Amino acid sequence: MDFSYSYLVLVLPLVTFLFLGLMGTRLSRKTAGVVGTSMMGITAVIAYAISLAYFFGTDQGQIIEGIRQQIVAWDLTWLEFSEKLVIKIGFLLDPISAMMLIVITTVSFLVHLYSLGYMQDHNHEYEKGLQRYYAFLSLFSLSMLGLVVAPNIFQMYIFWELVGVSSYLLIGFYYTLPAAVSASKKAFIVTRFADLGFLVGILILSYFTQTFDFITLTSNPTAAIETAGGATFMGCSVMAWALTLIFMGGAGKSAMFPLHIWLPDAMEGPTPVSALIHAATMVVAGVFLIARMFPLYCMEEGTMTVITVIGAFTAFYAAAVACVQSDIKRVLAFSTISQIAFMVTSLGVARPELHEGVGYMASMFHLFTHAMFKALLFLCAGAIIHAVHSNEMSAMGGLRKYMPICNIAFLIGCLAIAGIPPFAGFFSKDEILVAAFEQHTFWGIWMMLVAGMTAFYMFRLYYKIFWWNNPDYGHHTPHDAPMTMSLPLIILSVVSIVAGLIPFGEFVSWNREAYHIHLNYTVAISSVAVAVVAILLATKLYLKENEAPAKMAKSFKGLWTAAYNRFYMDELYQFITHKIIFERVSRPLAWFDRQIVDGSLNSLANLANSASFAIRKLQSGSIQSYVYVYLIGVLLLAAITVICLI
Amino acid sequence: MIWENILIYFVVIPVLTLAGLAICKNIKQVRAVSIVGASALMVLGVYVLIEFLQLRAAGNVEEMLFRGDWSWFEPLNIKLSLGVDGISVAMLLLSCVIVFAGVFASWNMDPLPREYFMWFWLLSTGVFGFFIAIDLFAMFMFYEVALIPMYLLIGVWGSGNKNYSAMKLTLMLMGASALLMLGIIGIYFHSAADGNLTMNILEIAKNNAIPNNWQYFLFPMTFVGFGVLGAMFPFHTWSPDGHASAPTAVSMLHAGVLMKLGGYGCFRIAIYLMPHAANELAWIFLILTGISVVYGAFSACVQTDLKYINAYSSVSHCGMVLFAILMLNTTAMTGAIMQMLSHGLMTALFFALIGMIYGRTHTRDIRKMGGLMQIMPFLGVGYVIAGLANLGLPGFSGFVAEMTIFVGSFAHADMFHRVLTIMACSAIVITAVYILRVVGKMLYGPVYDDHHRTLTDAVWHEKFAVITLIVCVAGLGCFPNFFNEIIYDSFAPIIKALGAF
Amino acid sequence: MDYSQFLNMPQEIGLLVVFLLVFLYDTFMSKKVQNALPVFTCVAFGLFTIANLFFAYEEGTIFGGMFETTQATVAIKAILNIGMLIVLIQSIKWANSEYMTVRRGEFYELLLITLFGMYFMISARHFLMFVIGLETASLPLAALIAFEKNRYESHEAAAKYMFTAIFSSAVFMMGLSFVYALSGSLYFSDIALSVMGEKSTMLIVALAFVIAGVGFKLSLVPFHLWTADVYQGAPTPVTGYLSVISKGSAAFGFMVILVQVFGSVYDMAWEWMLYALIVLTITLGNLFAIRQRNMKRFLAFSSVSQAGYIMLGIISANALGLGSLMYYVLVYVLSNLAAFGVIGAIENKTGKVMMADYNGLRSTNPWLSFAMMLAMFSLAGIPPFAGFFSKFFIFTSALSTGSVALYVLVLIALLNTIISLYYYLLVVKAMFINKPGEEGAIAPFKSACSERLAMIVCVLGIILVGIVSCIYSGLIEAAESSVTMFM
Amino acid sequence: MDLTLLMYLVPSLIMFCCGVYGFVTRKNMIAVLISLELMLNAVDINFVVFNRFLFPGEMEGMFFSLFAIAIAAAETALVIAIIINVFRMAKNIDIRELTKMKF
């Protein structure tokens, strides 16, 4: 059985989207939800079938001489720019795309399911148009799937944009809330700005290599790099520029510093959306992009350094901010940023020659596990918010009694992200640390530190929600979510526990040969130690309500405030966009347009008018003055000719 | 006989419609006649497209199909020459769609519907004539026929500062056509080395006899002449005022089709006939159009009037058309045509929606609106779709056009073109800024004005116009290769002419 | 003396016959049927005009070469006839008004005589003949201008016209005397031969005088100052006549003089004079026109700038130019008379001639405003109306010599069309866009049959003369067959 | 002493200039008319003199003068008629008062 049926993976969500979108409110809320969810379920089944057939089958030449092959299941010409540059819409199957198919469809299906409960009666004033919600979810699934299976960079760009817009639509789902509207706008514009880099990168790359095709590009990276003929721009090779710019696109989607600012705001969207888009799938698109073009990136040392530095810094920065946030979704958002930065760093430090390119594998592994446990955490957060109707930690506390399932699921998620064995996060994070140590000890220690911070802020979050104090919830006692919501939590908890045990390296590695994971015990033990210390610290500080955290905040007031305000990055952006772009560029330009450009044309008209006024005296009405003018005219004629003849 | 040529019916139908309108008695008849005319045009457009494709498939590789020449002003060897290539066919189809949608968008035109539609159809006559003609004189004549109705359409049926806007628009465009006339006559007098002067574009291109020094003079004349209509900086200022004052369907037609005349003329006349000057002088106009692209986008960011925003956006997008044309390679120029189609449809859609919203709220100030999505979901969704198409979302025509342009533009190896291309690319970010700003302020958020709560959503003819346009925008965006191939091949003669230098 | 030579001037003979018929009718018919005189004149002249178009003409010279008939003169005379016919039809209503009763005959006789003078001016190949034609055309005009006895403006206009006209013809004849001194002959062909290669200051002064003299008739800036006052003061039919017929014939005569007589000294003597005149005429004419609020004055200045465009046909000094000039005159005749027809109809009915009075005219008199709009568009050169074609061809002819200076000149002229478009649109705006003033728009009225007939002729002409190409081709053919004119 | 060409031309030129000067300075319309006559007569003299001195064998200039005189006479008659009319309406014949229509 060949993979041609794989088109269903794209077509089903598309059909769902069109159906739900066009039917709109003619469908009942329930029907729309059920249709969306079941279609997603079918899609998930097909995606699983494809992935399993790819990983475990051999009949289609999936694996030749121990190397998993890249299979283009189908390919349609969509647009021909020129003879060579052709955009095709196709379906590329290789280890990472197969792995992503699983991740996306799993999380997406679970989120669909979860939303059936979550979106039903919660906040219903704003939730008019659940039909729309499911349509958008389908659109998102379509775009994300299209993105990961793209066999060429332009298809990826196309779906990249679509992912952006579905994210925009979903963040702004509560479109009557100004905060949601501005958050969606911000998300779209920031990522759009990053995409500009992506686009320019594509342009440069395709100009030299004359292809968009990933297989052509990555199968012989040296040749691809050499097409530039060593051309440089501002001292760096153009290919480095191209790849860095493409990374900029990835950094935008994956919320790397300094393009991360949209992600925390994006939490204004419905929580299941945050789980799907802003934790599990879309935000890892940047990581996926680098992984997809990894052989090319390896050729440019400078770009890799940029990636490493940005990744490592972001990891630290986001962790630092996460330590002091009070909105639970924001903490999770910053934690997401930090974790994605782990993956990016891991790719940045990965080299084929270093430990068989463990960084690549580790990054993908972490992507996989993170998708699961972060989705779990977000869905738990959703359940909590659903229960207490607030995002703020101050409104929570002691919830373990009211929401046992949620409590356990959240704890599992926290343990996973903190890297405690045998939870999923431990294995993948451990590989990342190994890779970092392989590159340089500095990066290793740095990342380990950040891992410790991760454990700290996650448990701070956990304790603040489930322990800390016992506020009076009044008549509105929180309780565990309905089954549609709890079921995904349970499934994801299980996955988060066991996912780490998957021999991931057997399936995914940079050269698509099987890679056998060995635990590096030095790294593993020390990292677990750091995590445990951090957890203990968090336990000490946050298990019971006490004054210590406040005191600490007071003693590091400057640092604390800065971190709480996310080191003023938003203000900086605000300043640049409003004060500089709007006030210093757009407004003067608009003024210039009205006053100078248009004004000069108007003044031409005025000139004609005033000239007309000025010469009216010539027409004085007196015959004698007419004759004067007549005579002057005669003389003038003669004079002109005489002058011209001389 | 001239009647045997199918193309002439693109002019005959509007003229007949015009005549039919002249004897109409009431608004029902006016609408009926207009719809019949528009539908006939639509059918004709599709028929010509099919016929064209069949001829091409049958291996007819002539530059222009459906050729026909009829002597007109013999002393000057002026003929009425008709003919279309893929580009003209695409533009004709675009015009058909916009006219069709325009009729529905001006359903409730008041006052004087009959007079309104008569001007509307006169304008259409000019537009169609321009696209089917390949004789400089006929093209120029139709071009001006298309321009002048704008004055009355804006002046009588417009709103706001309409007298000023109408006058400014007319004078600026006519000023441009003054330059154009000089350019055309100049081309005519250098059209043949052997004295057989001609106005036929194909023959002029074949003769290739315009001396270089004359090209340096005539190229700017024609390019600026058409460029003004294409809203080239710094001659774009008619556009914001004109669009702001014009009634809905007029804005649609103007931005949707009329501005395309500019871009079309630029390459069909300026570049095709004077390739040497085009190669040498392109950089000047590249800078100007590059400025247009970015400048229009930035200016749109701070406008508060919906129509101004879209007018500046048009400046930016039309700047992109000219920008791409000046890149002088097939890919970029194909992109330019795609952009024309795309911008024509999108802007028409935009203006149609703005007109409908304005017709309900009686304000176009985005600060005085909010939350309209709850009140008029159909129009809101339409506006969001138009906005997303405008900012270049894949699946809509804008994306295809812009990408083709960028890829084509980037095919130049030198720094100058590269920098300009990247500059132009940056406009897509700014476009997102102003589009989302409007969408956010006007459609989302809480309802600003409680009086708006009583407003109603679109009625059937409005929906019909909007859906027609959306389908076209999406169709072009989803299956771009269909048009791309038609257009791409048509550039071969132009590129050959350019390459000859 | 060979009387058969009179057969070489059939149009003049025909006109004379019409004149005599009118004269006899006026003198001998009873008072009761005098009311029918205007219609009779129109019919007689109409028949003459139509016969004119289908008559086969022999080219040739008479009076010892002083008078020449060529295809071109025949064509321009036919064009003037058409204009004249329209003016005659337009004036029926006015001529039948009360205070005109006694002098109705005079009006038509004078009108026909001026046309007769213009015929001679056009066909003259000797300056004596030219001057006689010129004066025969202009003296009766003064009487016509002063025709409205009870209106002061009419007399002021006549006085202004007469004083400046005599002054101008004195200057003109002064110039002629110098030309005579240079060449010893007043035959155009002799002068052309003898001034060839001449470069003396005397020639230049002579030329300046001559150009000023004819430029006065054509109202070129700066010799145009009488125009507006006279147009405003004269009765509207006379203004119409003055603005088109008189101008058309003067333009043709001017071209003949410059090309046939001084063609050999084109580049050294009068080229630059003409450049200067054209630029001044078009620009100043337009600038003056912007501020005018009286419709007749407004059209006066518009006709000043139109004269500048007509001159562009002269400057190329070839058959294309002559043909385009005649075509331009034809279109100009139709457009301007359409405008004057509307103005006259409104003035007859209400006495209103200000632009502000036209506000909201569309709502009350749609057909009048439609005709006016077409006239304005045609004058502004907007397709598909005839004005566009005539402008295009006149520019084409001007550029046909290929000199760079001419490109500059044409560019200036073209930029001026923007200004002219502006003020033509002002009229359209008044009628279509502006709200009527306090006293309301002009009340709806039914214009007289004659006025409507004239207007229909003009409107049809405006629409058809452009698109139907055989007219232009025919005129060019006529111009080319008169090739002897061009040295 | 023989009279040369110049001896005729100078007076005729002076006449012409006097005419022009008179035209632009005199207020009375009749005086202005007389100035015009002066100019026309200067032209006549010119023609006759040129004919007599430069081209003695022909008569063209003479004839031209004859016609010019006739035309001048006609013009004068017409102008006087107009002046009378103006006087009737305006009760004065100051040429500078003829400025009702201007600008």
Side-chain angles (χ1 to χ4, degrees), chain B residues 15 70-76 78-80 111-112 115 122 125-126 129 137-138 140-149 151-152 154-158 162-163 166-168 170-186 188-190 197 199 213-214 217-218 221 225, chain C residues 319-320 323-324 327 362-363 366 370 373 377 380-385 388-389 391-393 395-402 404 406-408 410-422 424-426 428-429 431-434 466-477 479-480:
Chain B
V15 171
W70 296 273
S71 186
W72 197 2
F73 290 97
E74 267 163 48
L76 296 172
I78 291 175
K79 292 176 179 151
L80 179 62
L112 307 173
E115 278 77 358
L122 183 63
T125 314
F137 179 79
F140 182 68
M141 189 193 88
F142 283 121
Y143 173 86
E144 292 219 333
V145 168
L147 292 190
I148 197 69
Y151 178 73
L152 283 160
I154 295 179
V156 178
W157 291 275
K162 60 185 186 182
N163 284 337
M167 192 59 95
K168 181 155 101 176
T170 316
L171 292 187
M172 279 186 78
L173 295 184
M174 280 295 170
S177 78
L179 295 183
L180 196 55
M181 194 195 273
L182 189 64
I184 283 177
I185 300 175
Y188 169 71
F189 280 117
H190 298 92
L197 302 182
M199 287 251 181
N213 52 347
W214 277 102
F217 172 68
L218 296 174
M221 289 283 163
Chain C
L320 193 61
S324 303
Y327 184 65
R362 199 220 66 85
S363 52
F370 177 69
M373 182 187 70
F377 281 174
I382 306 272
F385 309 115
F388 167 76
F389 296 89
K391 274 218 169 93
F392 192 91
F393 295 142
F395 289 134
T396 310
S397 73
L399 293 178
S400 62
T401 57
V404 177
L406 274 172
Y407 273 87
V408 176
V410 169
L411 183 61
I412 294 172
L414 277 166
L415 293 178
N416 263 294
T417 58
I418 307 170
I419 305 181
S420 68
L421 181 62
Y422 167 72
Y424 290 130
L425 283 180
L426 283 184
V428 177
K429 182 180 137 198
M431 295 185 302
F432 280 79
I433 300 176
N434 286 358
I467 294 175
V468 178
S469 60
C470 58
I471 297 168
Y472 180 65
S473 308
L475 288 175
I476 293 282
E477 217 167 272
E480 272 168 353

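For clarity, every value in this text was computed on a predicted model and none was experimentally measured. Below, chains carry the letters A, B, ... as their sequence lines are ordered, and counting in each starts from 1.
- Options I476(C), I382(C), V404(C), T396(C) differ in how many heavy-atom pairs under 4.5 Å they form with chain B, and the most are formed by T396(C).
- Separating the CD1 atom in I418(C) from the OG atom in S177(B) is a distance of 8.0 Å, to the nearest 0.5 Å.
- If you measure heavy-atom distances from F217(B) to chain C, the contacts under 4.5 Å come from the side chain alone.
- For F392(C), the parts lying near chain B are the backbone and the side chain together; criterion is any non-hydrogen pair under 4.5 Å.
- With values rounded to the nearest 0.5 angstrom, L411(C) atom CG is found 5.5 Å from L182(B) atom CG.
- In this structure, F388(C) has its ring center under 6.0 Å from that of F140(B).
- Of the atoms belonging to L112(B), it is side-chain heavy atoms, and not backbone ones, that fall under 4.5 Å from chain C.
- For Y407(C) and W214(B), the ring centers sit closer than 6.0 Å to each other.
- A heavy-atom distance below 4.5 Å is not found between the side chains of L414(C) and L179(B).
- One distance of note links CD1 of I185(B) with CZ of F395(C); it measures 7.0 Å at 0.5 Å rounding.
- Atom CG of L76(B) is separated from atom CZ of F393(C) by 5.5 Å, given to the nearest 0.5 angstrom.
- To the nearest 0.5 angstrom, W72(B) atom CH2 is 8.0 Å from S469(C) atom OG.
- Each of T170(B), N163(B), L197(B) has some count of heavy-atom pairs under 4.5 Å with chain C, and the biggest count is that of N163(B).
- Contact count against chain C (heavy-atom pairs under 4.5 Å) is highest for M141(B) among K162(B), M141(B), H190(B), E115(B).
- Contact of the F137(B) side chain with the F389(C) side chain is registered, since non-hydrogen atoms from C-beta on lie closer than 4.5 Å.
- Using a 4.5 Å cut-off on side-chain heavy atoms (C-beta onward), F385(C) and V145(B) make no contact.
- The candidate with the highest count of non-hydrogen atom pairs below 4.5 Å against chain B, out of S400(C), A413(C), G381(C), is S400(C).
- Considering only heavy-atom pairs separated by less than 4.5 Å from chain B, the leading option among K391(C), K429(C), E477(C) is K429(C).
- At a threshold of 4.5 Å between non-hydrogen side-chain atoms, the residues R362(C) and V156(B) do not count as touching.
- Using a 4.5 Å cut-off on side-chain heavy atoms (C-beta onward), M174(B) and T417(C) make no contact.
- When each of V468(C), N434(C), I467(C) is checked for heavy-atom pairs under 4.5 Å with chain B, I467(C) comes out on top.
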